[in-house]
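Working notes, structure below.
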Amino acid sequence: MAKHHYQRIWQTVKQIPAGKVASYGQIADLAGLPGRARLVGKALGYAPAELAVPWYRVLRSDRSLAFPQGSATAEEQRQHLLAEGVLIKQNRVNKKDIWQPELAELLFNLQY
DNA sequence: GAATTGACAACCA
DNA sequence: TTGGTTGCCAATT
């Protein structure tokens, strides 16, 4: 199974700096899994708490939260982001807050 | 193995 | 910009 990929996904998500956000598709690409944005969502759902994966820094490609507005999870995500200086307006984050990784940064963080 | 189900995304009207 | 459609692909049923 592609369970292996979960580790890579988690590791990639952990590279998102505080105060920045990335999309599911973006994470999938960086994790070497192009076209598997939905798998990223599942991986985050299975992510063990002890890994401290910043799942709340991952949103949809249109910069909206992946949870229904008002849901407990969406609320929690909004709080986390707000605490890092990322505010949500009309269920969207500002374009400026999207993570734009440098190639050098990615290479430096490769841990294999 | 077929059908269904997603924490999605690219397109198009 | 919003909403509907289609494509995706692994996990579940």
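Note that the structure is a prediction, hence the values are computed from the model and not measured. Order of the sequence lines sets the chain letters (A, B, ...), proteins ahead of strands, with each chain counted from 1.
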Inset, instruction - Determine the stems involving DNA chain C; a stem requires 3 or more consecutive pairs of the Watson-Crick or G-U wobble kind, each with both distances below 3.5 Å, and the answer is none if no such run exists. - result: B:2-6 with C:9-13, B:8-13 with C:2-7

For [N], does OP1 or OP2 lie under 4.0 Å from any side-chain N or O of [X]?
| X | N | answer |
| --- | --- | --- |
| A:R60 | B:dC8 | yes |
| A:R36 | B:dG6 | no |
| A:S23 | B:dA9 | yes |

Inset, instruction - With heavy atoms under 4.0 Å as the rule, sort A:Y56 into base, sugar-phosphate or nothing. - result: nothing

What integer distance in Å separates [X]:[atom1] from [N]:[atom2]?
| X | N | atom1 | atom2 | value |
| --- | --- | --- | --- | --- |
| A:E75 | B:dA7 | CD | C1' | 17 Å |
| A:N91 | C:dG3 | CG | P | 12 Å |
| A:I88 | B:dA7 | CD1 | C1' | 15 Å |
| A:D62 | B:dA7 | CG | P | 16 Å |
| A:R38 | C:dT6 | CZ | P | 15 Å |
| A:K42 | C:dC8 | NZ | C1' | 10 Å |
| A:W10 | B:dA7 | CH2 | P | 16 Å |
| A:I27 | B:dA9 | CD1 | C1' | 15 Å |

Inset, instruction - Apply side-chain contact (heavy atoms from CB on, under 4.5 Å) to A:I27 and A:I16, showing your working. - result: CA-CA 9 Å; A:I27 295 302; A:I16 306 173; 3.8 Å; yes

Inset, instruction - Let me know, please, whether A:Y46 or A:P34 comes out on the 5' side of the other along DNA chain C by nearest nucleotide. - result: A:P34

Inset, instruction - Working to the nearest 0.5 Å, report the span between CH2 of A:W55 and CD of A:Q77. - result: 5.0 Å

Inset, instruction - Rounded to the nearest 0.5 Å, what's the gap from CD on A:Q90 to CD on A:Q69? Could you check? - result: 8.5 Å

Legend entry - Derivation of the side-chain contact (heavy atoms from CB on, under 4.5 Å) call for A:Y56 and A:E84: CA-CA 11 Å; A:Y56 50 86; A:E84 296 185 346; 3.2 Å; yes

Side chain of [X] - closest among [options]:
| X | options | value |
| --- | --- | --- |
| A:W55 | C:dA11, B:dA7, B:dG6 | B:dA7 |
| A:L39 | C:dT2, B:dA7, C:dA10 | C:dA10 |
| A:Y24 | C:dT2, C:dA10, B:dA7 | B:dA7 |
| A:L44 | B:dA9, B:dA7, C:dG7 | B:dA7 |

Legend entry - Any donor-acceptor N/O pair, A:W10 side chain to A:A43 backbone, under 3.5 Å: yes

Inset, instruction - Look at the side chain of A:K20 and the backbone N and O of A:K96, then say whether any donor-acceptor pair between them is shorter than 3.5 Å. - result: yes

Legend entry - Co-membership, hydrophobic cluster, residues A:Y6 and A:L51, 4.5 Å side-chain: yes

